[in-house]
Structures are given as C-alpha cells and as structure tokens.
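Below is one structure; the comments refer to it alone.
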Protein chains: 2
Amino acid sequence: MLCVVKSTRWLSDDEQKVWRTYLLANQLLWAALDRQLQRDAGMPHAYYMILAMLSEAPNRELTMSQLARMVGSSPSRLSHAVSRLEQAGWVRRRKHDTDGRTTVASLTDDGFAVLAAAAPGHVEEVRSILFDPLTPEQVEQLGAIVAAIVAPNDGRAPHL
Amino acid sequence: MLCVVKSTRWLSDDEQKVWRTYLLANQLLWAALDRQLQRDAGMPHAYYMILAMLSEAPNRELTMSQLARMVGSSPSRLSHAVSRLEQAGWVRRRKHDTDGRTTVASLTDDGFAVLAAAAPGHVEEVRSILFDPLTPEQVEQLGAIVAAIVAPNDGRAPHL
DNA sequence: GGCGGAAAGTTGAACTCTCAACCATCATCG
DNA sequence: CGATGATGGTTGAGAGTTCAACTTTCCGCC
C-alpha cells in the first residue's frame, strides 16, 4: 500500500471510492459518446463540438481563439482539428478583414448538414447515459457541483 | 439553430447548461491531471492508473484482462500501454502458469518507486481540483450520481 | 480424438493530441 | 519611425489511442 509512504493529505476511503467511480463513469460516457459519433458522423466528440459551436455563432463563424476558448482546446489542437474539418469540407478558413493575425472559421452548408444529421443521435446518447439514470434533484446537484469545479477558473480561458 | 430540425428529445436549457459545464469541468480536470503527471512522473494518467492498480493487487500482479477491466481500457489500448511501461522497466510481462492464453503483468520495484514518487502530487491535484471546491454534502451527492451513471453497466466490463 | 467457436492478447496502420518551436501581425513607446 | 513585446495561429515530431485483422490457446461436443 502506498498510504504508508508519507504524510500526504490522502483521500479517505469514501473519497477514494467517489473518485474511482467518477473515473469509471467518465470513461463509460466518453467511450459511448465517441463511439456513437464516430459511427454516425465519422468524427470524434471534440470535432463535433467545434461544428456545434460554429452552428450557434452569429453568421456561423468564429475566430480560432474564440473557438478554442469555447471548446476548451489548446490553439494547436484546434488548428489541427480545423485543418481536418476543412479538408472534409465542413469548415472554411479565411483571414480576418481588419486584423491580419486572426483567422475566422466558418461552418459550410455541408458541415451544417452533417451536424444536423448527427445531433439527434448524440443528444439521445447523452440523455440515456447521463440524464436518464439521474433524478431531477441529482441533475440540479450535478449542475451545482460542476459549477463549483469550474468556478475557481472563472478567469476565462484557463490556458488549457 | 438545430432544435427546429426534428422531433427529438432535446435537452432543456437547464440540462444543456449542466451538460456544457460538465464538459468544461471535465476538461479542466483532465488537463490539470495529465499535465501534473506528465511533469512529475513522465506518464499520462492512464498509465498511472495501470501502475496504481498493479500496486494494490496481491503480489502486485494482474492478468491483462483484469487490468483492462479495472482501468476501463480496451485490450488493445492496454497492450500498447503495458508495452510502453515494460520498455520503461516499470512493468514485466510473463505467461500465465496454467492458462497459456493469458499473460500476467507485474509491477517492478522501479515501477513501484515511480508510483510512490508521483502519488502525493497526484492526490494533491485531485483534491485541489475536485474535492476542495465541494462541500461534504456535494461530495456525497457526487458519489451517488456517478454510482447511478455506472449502475446500468453493472454487468462488469462494459466492452469499452 | 478432432472440430468449431470462444477467450486472451498482440500487432500495424490511421488518426488524434501534445509540446515546443516558429512566423506573422499588431501595439506601444522612446 | 523603428525596436520590443504581446497576440493569434500554424507546423512538425513524437506519443497515445482506435479499429480491424490476426494468432494462439482453451473449451465443449460430436
């Protein structure tokens, strides 16, 4: 056992159990989500989120920075992802009109179509795995919990 | 907006918000965890979990299947990971005595040392990101919530 | 005994992600 | 005006993951 090693603030047995179960739940969720999206839309969840964010933006376009913040990606990751999406014809890139540094990504009609096709199945999956097993009170509690976890990083864009 | 597209069981505004915040909290957690472990132990969280599970097992060894179930990996992923860990000298592989199909992975002394060195920092990270921001009631609630999410897959080994 | 299928693992290729290095453009200030 | 630093983004290499195909071994049954 490791817990004899030093005086650290180890997790209590209860905390340990919550943590381990959390990890398991998470893996279940991601595995199911990624598999569903890969099967039905041919893309991982991160890419789906990019399309989703673009679809809700005014004029269906956002700068790379905005996008990166919204989906919680590093600039690099986003750049690679958008390259891929562009290559698939779902997103287009162009230079910003007034600021030569920034590039704007916009959702194409094809991209929107793919998103629209994938969305129902995706929502159904989220619902069946996350929301259906929970009572309304638990959903509310979960909302407060995740809010509390995110809160310390309220300073926007936690340089992920 | 996508929600005009079809009659799906879309998420309510509240559910939507919980879901988005959950995604963000998750990303924060993983990013911090992976960065801390990469920095302090030179391995991603998935690898840490493998060492951790082995360290708690009787005689510090487990079959690949057992290990895969415990850490929630696909056989392939685990095989690649263990190859890497073996190459680092932290894990050893050998054939099972009586069943020629199965291979057992065991934690080396070096592996245990690396784990012991990384553990305190890791626990501290988990604590500061997940448990510290939560009240004791919330921790309890979270426990119930993740248990409810995992429960439907009680049938062990959800073929991840 | 031998055959068919299940179980346990491994492998290779394609893909995604991370990390560090890098380029270009804007802002500011002497 | 021109240097300096900050901002926005991209690139390439290396590491990790996924997916499908494959091998080997075990089990049950004719």
Side-chain angles (χ1 to χ4, degrees), chain A residues 26-27 30-50 61-88 91-105 156-157 159-160, chain B residues 26-27 30-39 41-51 61-88 91-105 156-157 159-160:
Chain A
N26 237 6
Q27 251 149 359
W30 285 111
L33 242 55
D34 266 336
R35 217 149 12 140
Q36 186 265 325
L37 278 176
Q38 197 66 53
R39 176 165 44 74
D40 295 357
M43 73 183 113
H45 183 256
Y47 290 25
Y48 177 90
M49 281 299 285
I50 293 174
E61 61 183 22
L62 290 169
T63 71
M64 296 299 275
S65 299
Q66 293 174 319
L67 207 42
R69 257 195 295 103
M70 297 179 73
V71 305
S73 269
S74 69
S76 170
R77 184 188 184 191
L78 183 68
S79 188
H80 283 300
V82 169
S83 295
R84 203 85 192 63
L85 292 171
E86 192 172 25
Q87 183 179 327
V91 167
R92 248 192 310 271
R93 259 195 278 224
R94 63 175 167 75
K95 279 235 158 293
H96 190 283
D97 294 333
T98 71
D99 187 335
R101 292 171 297 182
T102 86
T103 80
V104 199
R156 246 68 199 81
H159 52 66
L160 283 165
Chain B
N26 237 5
Q27 251 150 358
W30 284 111
L33 242 55
D34 266 336
R35 220 149 11 143
Q36 184 267 325
L37 278 175
Q38 196 66 54
R39 176 165 44 72
M43 72 183 114
H45 183 256
Y47 289 26
Y48 177 89
M49 280 299 286
I50 293 173
L51 298 190
E61 60 182 23
L62 289 168
T63 71
M64 296 298 276
S65 299
Q66 293 174 319
L67 207 41
R69 257 195 296 104
M70 298 179 73
V71 305
S73 272
S74 68
S76 170
R77 185 188 185 192
L78 183 68
S79 187
H80 284 300
V82 168
S83 296
R84 200 87 192 60
L85 292 172
E86 191 173 27
Q87 184 179 326
V91 166
R92 247 193 310 272
R93 260 195 277 223
R94 64 174 167 74
K95 279 236 158 295
H96 190 285
D97 294 332
T98 71
D99 188 336
R101 293 171 298 181
T102 87
T103 81
V104 279
R156 249 62 198 83
H159 51 67
L160 285 164

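Quick caveat: nothing in here was measured; it's all calculated off a predicted structure. In the text below, chain A, chain B and the rest are named by the order of the sequence lines, each starting its count at 1.
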Position toward the 5' end of DNA chain C (nearest nucleotide), A:G42 or A:T98: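 Nearest-nucleotide comparison on DNA chain C picks A:G42.
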Rounding to an integer number of Å, can you tell me how far [X] [atom1] sits from [N] [atom2]?
X: B:W30; N: C:dT16; atom1: CH2; atom2: C1'; answer: 17 Å
X: B:L78; N: D:dT18; atom1: CG; atom2: P; answer: 12 Å
X: B:Q38; N: D:dG16; atom1: CD; atom2: P; answer: 7 Å
X: B:L62; N: C:dA8; atom1: CG; atom2: P; answer: 14 Å

Given [N], is OP1 or OP2 found less than 4.0 Å from the side-chain N or O atoms of [X]?
X: B:R77; N: D:dT17; answer: yes
X: A:R93; N: D:dT10; answer: yes
X: B:Y48; N: D:dG16; answer: no

List the steps, then state whether side-chain hydrogen bond (donor to acceptor under 3.5 Å, both in side chains) holds for A:D40 with A:Q36. CA-CA 6 Å; A:D40 295 357; A:Q36 186 265 325; 3.0 Å; yes
Checking all strands, does [X] fall into the base, sugar-phosphate, or nothing category for heavy-atom contacts under 4.0 angstrom?
X: A:T102; value: sugar-phosphate
X: A:D34; value: nothing
X: A:A81; value: nothing
X: B:T63; value: sugar-phosphate

C:dT18 base to A:H80 side chain: any donor-acceptor pair below 3.5 Å?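 Such a pair exists between side chain and base.
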Tell whether A:T103 reaches the base of D:dT10 with its side chain through a donor-acceptor pair below 3.5 angstrom.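 No, no donor-acceptor pair under 3.5 Å.
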Ignoring the backbone of B:P75, work out which of D:dT25, C:dT18, C:dT10 is nearest its side chain.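 The closest nucleotide is C:dT10.
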Check for a donor-acceptor pair, side chain of A:S79 on one end and backbone N or O of A:P75 on the other, with a separation under 3.5 Å.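 A pair under 3.5 Å: no.
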